[in-house]
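Here is how names work: the chains are called A, B, and so on, in the same order as the sequence lines, proteins then strands, and each is numbered from 1.
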2 protein chains.
Amino acid sequence: MPTIRDVAKMAGVSVATVSRVINQSGYVNTKTRAKVLHAMKHLNYKPSTVARGLAGKKMHFIALILPDISNPFFSELARAVEDVAQQHDFTVFLCNSDNDDNKEANYIEVLKKKNVDGLIISSNTFNEKDIESFRDDKIPVVILDRSIINEGYSIVRSKNREGARLAVHHLLEHGCRKIAHISGPQKTDTGRERLYGYEDVVKLFSWYDPTLIEEGQFQIEGSDIALQNLLRRHPDIDGIFAGNDLMALGVLKELRKQGLRVPTDIAVCGFDGIMLTKLTQPTITTVAQPIYQMGAKAAKMLVQKIRGEQTGSQLFEFEVKLIEGESTQRNHCKNS
Amino acid sequence: MPTIRDVAKMAGVSVATVSRVINQSGYVNTKTRAKVLHAMKHLNYKPSTVARGLAGKKMHFIALILPDISNPFFSELARAVEDVAQQHDFTVFLCNSDNDDNKEANYIEVLKKKNVDGLIISSNTFNEKDIESFRDDKIPVVILDRSIINEGYSIVRSKNREGARLAVHHLLEHGCRKIAHISGPQKTDTGRERLYGYEDVVKLFSWYDPTLIEEGQFQIEGSDIALQNLLRRHPDIDGIFAGNDLMALGVLKELRKQGLRVPTDIAVCGFDGIMLTKLTQPTITTVAQPIYQMGAKAAKMLVQKIRGEQTGSQLFEFEVKLIEGESTQRNHCKNS
DNA sequence: ATAGGAAATGTAATCGATTACAAATGAGCA
DNA sequence: TGCTCATTTGTAATCGATTACATTTCCTAT
């Protein structure tokens, strides 16, 4: 690997001049520039990012901390982040936290040692102290898919509570008269927000009862048990609002096993809008978030912050949209 | 951020001594070590990976190049790679290539500038020259899910051709008498291997005809068109072997649209064994690769190579396994 | 004619580590 | 006693860039 000194020697100039050419800074004579460029090309010279980093320049990488890349919601988010990062010449560190505080803390430390330029965190449970340590070092942070105290960090999220209300209203409009909720983990913001949205609507009805709520883990696994518990307590449920699409999928699977028809016996609505909802039979009605756009927006904000083009904390809240699938297409008779 | 000099000053020793403590190299008096460790703790000192990198040490990051992280096959692979990397204190760069030569070449360049310690590439179309440039720089490379000339790089893959034969045999055993294939892109190794496997079996039958093959893109999108073309040419198809699960999913969707029943009218078999195949109605029969293990194995091999514990090129080929779903459970009458 | 400043280039310090080499100390042994 | 060698520590060069500062040349306006 040739170094800047090799280039300087070959072009017959000093390293400072080569550096000026590379960085397009200071004055360089046109002819000199040509000589340098020629030498660089000839030697196939590539400036070492590591050396530049040590000399105070950006390393041009950002980190993305998320619970689990194999979850389709996050893999789409990651895809968006990576696309935008790539467009701006940043590389992305992939960090799976599994919502585990220790893993996360460990990552934070490693990332600081590696001079990461910025951080996007969409992990559900993070230690705010860890994040604060980034702010102390003036490393920009964007928080994705979380509602945290709005101090110092920028946030990108969507309207979870409103979306949950949308879902429940939709179920009501399609004739459901007893709607249960399988919530996300209550230690997560999104899990809580969606539960609140559900409660906003159902608490007005006489049939409502807190035992209509079961907590899930935002995963397929476990949603079957949650459903069983609900059905045991309330065999007359005719609508289920699942806290996310993966759980809706699990519910669909379990309902089938129980011999219950969707949507005839029970209607199901999910949340997120992952592609999967369109592939099942029946397709799943869901409250869609603009997943890709959210990831892209977060990445754009981060890049701007890194460049110093934007400072302070911003909140960016995306609209959600109910996408009607077959899982709620039942007769409206009961409703009318 | 404190530096090694701050630590040295506080402990009343030289930077060399501090470095010795950090790296557990050379001689350090027990008492001195204690002083240094205390100073490090007190200052919350974290050695800069960048500075160490410049001084010739490993940066402790590896890159993972894959076509598209939002594809469930690759997101599971990525998950495995990241898990293993994390266990060995490596961070993972996520690189989506979209099977685009330019993007890939661009990444290769960036990665070299950033002193990446090793590379796992599971992209379908890579320029061998680019990869060779890594070998020239003695940067270990592991190739995942590809059959390339076995020179200088280690390879992890599964038995694609055999798996394809398995799939077709299974369809035959379940009464199919005219089996079509929607192949993966023929510019990819896996796409080709699976096609060969299909041909191995079907070419023995009188009904076989090359027009029973349509090329897909390993994605849901496009598999509907491929299926339409096949059905137009051969309305009497009663079995379809899709080159991967995503295409099988698309086929299922399109068959439903066309009013054809699965498996009664047409049986469907996929390849890969992604979780999705278990969630559809009917569930999809598939030839499962041990996706997670493959990713984990690749990562382990890479780490060993980076540590110099393993040199030379190795080939690791995983077994595949047919997982029977509902999409091929038809009466065996025709077969008997 | 000349001061002032733009243009062009080079020298050397710097970033934060590692490490070769030197030097000092002390113990063991002939 | 004097020599060898393990132990302990420090000095300074090095990795490959950036950049503050110095220097030189040359153009221009007064």
For [X], answer base if it contacts any base atom (sugar-phosphate contacts may also be present), sugar-phosphate if it contacts only those atoms, and nothing otherwise; contact means non-hydrogen atoms under 4.0 Å.
X	answer
V13(A)	sugar-phosphate
S25(B)	nothing
V28(B)	sugar-phosphate

Round to the nearest Å and state the distance from [X] atom [atom1] to [N] atom [atom2].
X	N	atom1	atom2	result
H60(B)	dA17(C)	NE2	P	15 Å
I4(A)	dA17(D)	CD1	C1'	6 Å
K9(A)	dG16(D)	NZ	P	12 Å
L43(A)	dG16(D)	CG	C1'	15 Å
M59(B)	dT18(C)	CE	C1'	14 Å
M1(A)	dA17(D)	CE	C1'	14 Å
R33(A)	dA7(C)	CZ	P	13 Å
D6(B)	dC15(C)	CG	C1'	13 Å

Closest approach to the side chain of [X], judged atom by atom: which nucleotide of [options] is it?
X	options	result
A16(B)	dG10(D), dC21(D), dT18(C)	dG10(D)
S19(B)	dT18(C), dG16(C), dT19(D)	dT18(C)
P47(A)	dT9(D), dT19(D), dA17(D)	dA17(D)
V15(A)	dT18(D), dT8(D), dG16(C)	dT18(D)
R20(B)	dC21(C), dA17(D), dG16(C)	dC21(C)

[X] side-chain N/O to [N] phosphate OP1/OP2 under 4.0 Å:
X	N	value
K46(A)	dG16(D)	no
S48(B)	dG16(C)	no
N23(B)	dT18(C)	yes
K113(A)	dG16(C)	no
Y45(A)	dA17(D)	yes
T17(A)	dG10(C)	yes

Check for me whether [X] meets the cation-pi criterion with [Y], that is, NZ or CZ under 6.0 Å from the six-membered ring centre and within 45 degrees of the ring axis.
X	Y	result
K114(B)	F61(B)	no
R157(A)	F318(A)	no
R20(B)	Y27(B)	no

Inset, instruction - Would you mind telling me which residue lines up with the more 5' stretch of DNA chain D, K57(A) or G26(B), judged by nearest nucleotide? - result: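 First, find each residue's nearest nucleotide; the 5'-ward one identifies G26(B).
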Inset, instruction - For T30(B) and for A51(B), find the nucleotide of DNA chain D with the closest heavy atom, then tell me which residue's nucleotide is more 5'. - result: T30(B)
Inset, instruction - Name the residue closer to the 5' end of DNA chain C, choosing between S14(A) and Y27(A) according to the nucleotide with the nearest heavy atom. - result: Y27(A)
Legend entry - Base dA17(D) to side chain R5(A), donor-acceptor N/O within 3.5 Å cut-off: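 Yes, a donor-acceptor pair under 3.5 Å.
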Legend entry - Heavy-atom donor-acceptor pair, D137(B) side chain to I139(B) backbone, under 3.5 Å: no
Legend entry - Polar contact flag, side-chain donor to acceptor under 3.5 angstrom, Q289(B)-S158(B):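 Short answer, yes.
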Legend entry - Charged N-O contact under 4.0 Å between D117(B) and K57(B):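 Salt bridge between D117(B) and K57(B), a charged N being under 4.0 Å from a carboxylate O: no.
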